[in-house]
Amino acid sequence: MPLFGRPSAKKTKRDDKLPTIDDKYTLKEQLGTGAFSEVRLAESKDRPGMLYAVKIIDKKALKGKEDSLENEIKVLRRLTHPNIVQLLETFEDKHKVYLVMELVTGGELFDRIVEKGSYTEKDASGLIRQVLEAVDYMHEQGVVHRDLKPENLLYYSPDEDSKIMISDFGLSKMEDSGIMATACGTPGYVAPEVLAQKPYGKAVDVWSIGVISYILLCGYPPFYDENDSNLFAQILKGEYEFDSPYWDDISQSAKDFISHLMCIDVEKRYTCKQALGHPWICGNEASNKNIHGTVSEQLKKNFAKSRWKQAYMATSVIRQMQKLALNSGTTTTAGAATATTTTTNTTSSSGGGGSSNPGRQLPGMQQQQQQQQQTQTGHHHHSNAVSSQQQPHQQQSSQQRSHH
């Protein structure tokens, strides 16, 4: 193409050839697949035992969408932050492009919350603080993510105190590349100005963080309707409530924080920096009351996904890591993060959450099912294109919140 803005390798002397992916990594089993790509586990040849996730993109399948890949690479190369999945290096051959990413092994945000024995507002506040710090850094770099949602938030490792990582930059955009007015994102998380097709900027990410914060405190989304038009109408009007009894034990400070993020008026909506200065984030106003019971029950009901597939993917990586450790007699290490993969819904939906809807344009949250593939490890994330959002409580009928 050449995709990475570098001149083509000279074809004169063999010595001039650029190193290939095979020179530096041993590609292992598949961790996930996407519309134009697959994600494979890889082991470093220079540092045996170090594992990474490699996103492999088929140039032929990508024809006409090269700009999207260029954008993802451009964005990832520009970002270095402890809470953002790192692009380590890139390779290219005649048919494919290879993105070597950190391997994230801690699993998805909601899964971890459900598995915990105790969960409080303080925990939610700590998670959102990490997300705000990473997004604030992105905004300072002139990057708007545009598709922040729980599926794109992964734990770095299985450790109890693991940090959160933001992944999936397929839809992100550099602000200096012009006014953003493309309708993209996942409907339930998308800001009103995007749906209204108005020019928009960094504030769209803050809205999405508001939606995620809401879900973290009750287990269901603020906006939901089986009919997309009704869903969009709710978002455009900013119609959401702190329903009883689900919000009865949640602090006034938490509700105030969310109201400043999910604010229709872009001028009045908090920036990331303002949000970081809110007492629910930086003070002592987040409650220590255990809300695990109600939140995990709602998360399971509204964000279910294919467990068997998830368990299989996790087991396959664990098995690979154990095998490497046995063979080398050394400790095997996950090389750090995740390969964002544009995943279409390749997996079936599980019992509780309704079916996924792969090819639609503006809808998409059961997308998490895709995420199933990531499981505890090569979390590749899906993304791109406005994915299909049948909000969680999908099959629970159109009564707005019958899920409760």
Side-chain angles (χ1 to χ4, degrees), residues 81-85 104 106-114 116 118-140 144-156 160-168 185-186 188-191 202-223 240 242 246-247 249-263 269-292 294-296 298-299 303 365 368:
H81 187 276
N83 297 104
I84 295 175
V85 169
V104 167
E108 282 183 52
L109 176 62
F110 288 172
D111 291 339
R112 180 78 70 101
I113 292 169
V114 168
K116 282 166 79 87
S118 168
Y119 172 70
T120 67
E121 271 187 40
K122 202 80 178 155
D123 293 326
S125 167
L127 291 168
I128 293 299
R129 181 185 48 75
Q130 292 177 68
V131 174
L132 282 167
E133 284 172 351
V135 176
D136 183 46
Y137 163 78
M138 283 168 46
H139 289 176
E140 284 177 345
V144 183
H145 190 287
R146 302 202 294 176
D147 196 26
L148 287 171
K149 55 187 174 183
E151 300 95 302
N152 293 339
L153 302 177
L154 306 165
Y155 280 95
Y156 180 77
E160 179 72 27
D161 59 351
S162 168
K163 64 185 179 179
I164 267 290
M165 305 291 287
I166 296 181
S167 69
D168 206 345
T186 303
Y189 301 89
V190 87
K202 297 168 182 172
V204 300
D205 286 342
V206 177
W207 175 279
S208 301
I209 295 170
V211 176
I212 294 166
S213 303
Y214 182 102
I215 298 169
L216 283 176
L217 293 175
C218 66
Y220 60 85
F223 307 104
Y240 63 92
F242 297 117
Y246 305 95
W247 287 83
D249 290 333
I250 302 300
S251 68
Q252 196 51 47
S253 182
K255 295 171 187 172
D256 181 72
F257 172 76
I258 288 168
S259 301
H260 280 95
L261 271 56
M262 279 199 289
C263 173
R269 193 180 306 160
Y270 270 7
T271 60
C272 284
K273 277 199 170 38
Q274 286 174 310
L276 283 164
H278 190 282
W280 189 72
I281 294 289
C282 68
N284 290 312
E285 295 192 4
S287 161
N288 278 312
K289 179 167 182 160
N290 187 6
I291 54 173
H292 182 264
T294 51
V295 174
S296 63
Q298 289 300 324
L299 285 176
F303 297 87
M365 169 169 284
Q368 301 203 274

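What you are looking at is a predicted structure, and each value in this text was computed from that prediction instead of being measured. Every heavy atom of this structure was used, including side-chain atoms; hydrogens, water molecules and symmetry mates were not.
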**Student:** Keeping H145 on the side-chain end and V135 on the backbone end, is there a donor-acceptor pair under 3.5 Å?
**Tutor:** no
**Student:** Looking at N290, is its backbone amide N or carbonyl O close enough to the side chain of S118 to form a donor-acceptor pair, meaning the two atoms are under 3.5 Å apart?
**Tutor:**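 No; judged by distance alone, with no hydrogens or angles, the pair does not exist.
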**Student:** List for me each residue that meets side chain to side chain donor-acceptor pair (under 3.5 Å) alongside K273, sequence neighbours excluded, and say none if there are none.
**Tutor:** D136, E140
**Student:** If we ignore hydrogens and angles and just use 3.5 Å, is the side chain of N83 paired with the main-chain N or O of M165 as donor and acceptor?
**Tutor:**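 Side chain of N83 to backbone of M165: no pair is present.
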**Student:** Which pair of non-hydrogen atoms, one from L154 and one from S167, has the smallest distance, and what is that distance?
**Tutor:** CD1-OG, 3.9 Å
**Student:** To the nearest 0.5 Å, how far apart are CD1 in I258 and OH in Y240?
**Tutor:** 7.5 Å
**Student:** Does the plane of the ring in F223 sit parallel, tilted or perpendicular to the ring in W207? Use 30° and 60° as the thresholds.
**Tutor:**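 Parallel, since the angle between the ring planes stays under 30°.
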**Student:** Within the distance-only criterion (no hydrogens, no angle test), does the side chain of Y270 pair as donor or acceptor with the backbone N or O of C263 below 3.5 angstrom?
**Tutor:**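 No; judged by distance alone, with no hydrogens or angles, the pair does not exist.
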**Student:** With rounding to the nearest 0.5 angstrom, report the CD to CD distance, E108 to E151.
**Tutor:** 6.5 Å
**Student:** Can you confirm whether D256 sits close enough to W280 that some side-chain heavy atom of one is under 4.5 Å from a side-chain heavy atom of the other?
**Tutor:**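 A side-chain contact is absent here, since even the closest heavy-atom pair is not under 4.5 Å.
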**Student:** Over all heavy atoms of both residues, which pair between I113 and V295 is shortest? Give the atoms and the distance, please.
**Tutor:** CG2-CG1, 4.4 Å
**Student:** Okay, side chain of H278, backbone of Q274: is any donor-acceptor separation there less than 3.5 Å?
**Tutor:**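 Checked: no pair found.
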**Student:** Nearest 0.5 Å, what's the OG-CZ distance between S259 and R269?
**Tutor:** 12.5 Å
**Student:** If you measure from OH on Y119 to OG1 on T294, what distance do you get to the nearest 0.5 Å?
**Tutor:** 10.0 Å
**Student:** Do you know the tightest heavy-atom contact between V144 and M138?
**Tutor:**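 Minimum heavy-atom separation between V144 and M138: C-CE, 4.3 Å.
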**Student:** When rounded to the nearest 0.5 angstrom, what is the spacing between CD1 in I128 and CG in D123?
**Tutor:** 12.0 Å
**Student:** Between D205 and R146, is there a donor-acceptor pair closer than 3.5 Å when you use the side chain of the first and the backbone of the second?
**Tutor:** yes
**Student:** For S296, give me all partners under side chain to side chain donor-acceptor pair (under 3.5 Å), at least two apart in sequence or on another chain.
**Tutor:** none
**Student:** Might you point out which heavy atoms bring H81 and E133 nearest each other, and give the distance in Å?
**Tutor:**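 Scanning both residues completely, I find the closest heavy atoms to be NE2-O, 3.8 Å.
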**Student:** Do the non-hydrogen side-chain atoms of F303 and V114 ever get within less than 4.5 Å of each other?
**Tutor:**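 Heavy-atom side-chain distance check fails, nothing below 4.5 Å.
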**Student:** Check P279 against S253 and note the closest heavy-atom contact, atom names and distance.
**Tutor:**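 Residues P279 and S253, closest heavy atoms: C-OG, 4.4 Å.
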**Student:** Would a distance-only check, ignoring hydrogens and angles, find a side-chain to backbone donor-acceptor pair under 3.5 Å from H292 to T120?
**Tutor:**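 Absent.
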**Student:** Considering only heavy atoms from C-beta outward, does the side chain of P222 approach that of I215 to under 4.5 Å?
**Tutor:** yes
**Student:** Taking atom CZ of F110 and atom CG of L216, what is their separation to the nearest 0.5 Å?
**Tutor:** 5.5 Å
**Student:** Do the side chains of L153 and I166 get nearer than 4.5 Å, heavy atoms only?
**Tutor:** yes
**Student:** Provide the closest heavy-atom pair for P150 versus L109 in the form atom of the first, atom of the second, distance.
**Tutor:** O-CB, 4.4 Å
**Student:** Would you say K122 has more than 12 foreign heavy atoms packed within less than 6.0 Å of its NZ?
**Tutor:** yes
**Student:** Can any side-chain N or O of R112 pair as donor or acceptor with the backbone N or O of G106 at less than 3.5 Å?
**Tutor:**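 Yes: the side chain of R112 pairs with the backbone of G106.
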**Student:** Would you call the rings of W247 and Y214 parallel, tilted or perpendicular if under 30° counts as parallel and over 60° as perpendicular?
**Tutor:**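 W247 vs Y214 ring planes: tilted.
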**Student:** Has N284 got more than 12 heavy atoms of other residues, nucleotides or ligands less than 6.0 Å from its CG?
**Tutor:**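 Counting neighbours around CG of N284, 12 or fewer heavy atoms of other residues, nucleotides or ligands fall under 6.0 Å, so no.
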**Student:** If you define the side chain from C-beta out and look only at heavy atoms, does anything of R129 sit under 4.5 Å from L276?
**Tutor:** yes
**Student:** Is it the case that the side chain of N152 and the backbone of D147 share a donor-acceptor pair, with hydrogens and angles ignored and the cut-off at 3.5 Å?
**Tutor:**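 Side chain of N152 to backbone of D147: a pair is present.
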**Student:** Taking the side chain from Q130 and the backbone from I164, do they hold a donor-acceptor pair closer than 3.5 Å?
**Tutor:**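 Yes: the side chain of Q130 pairs with the backbone of I164.
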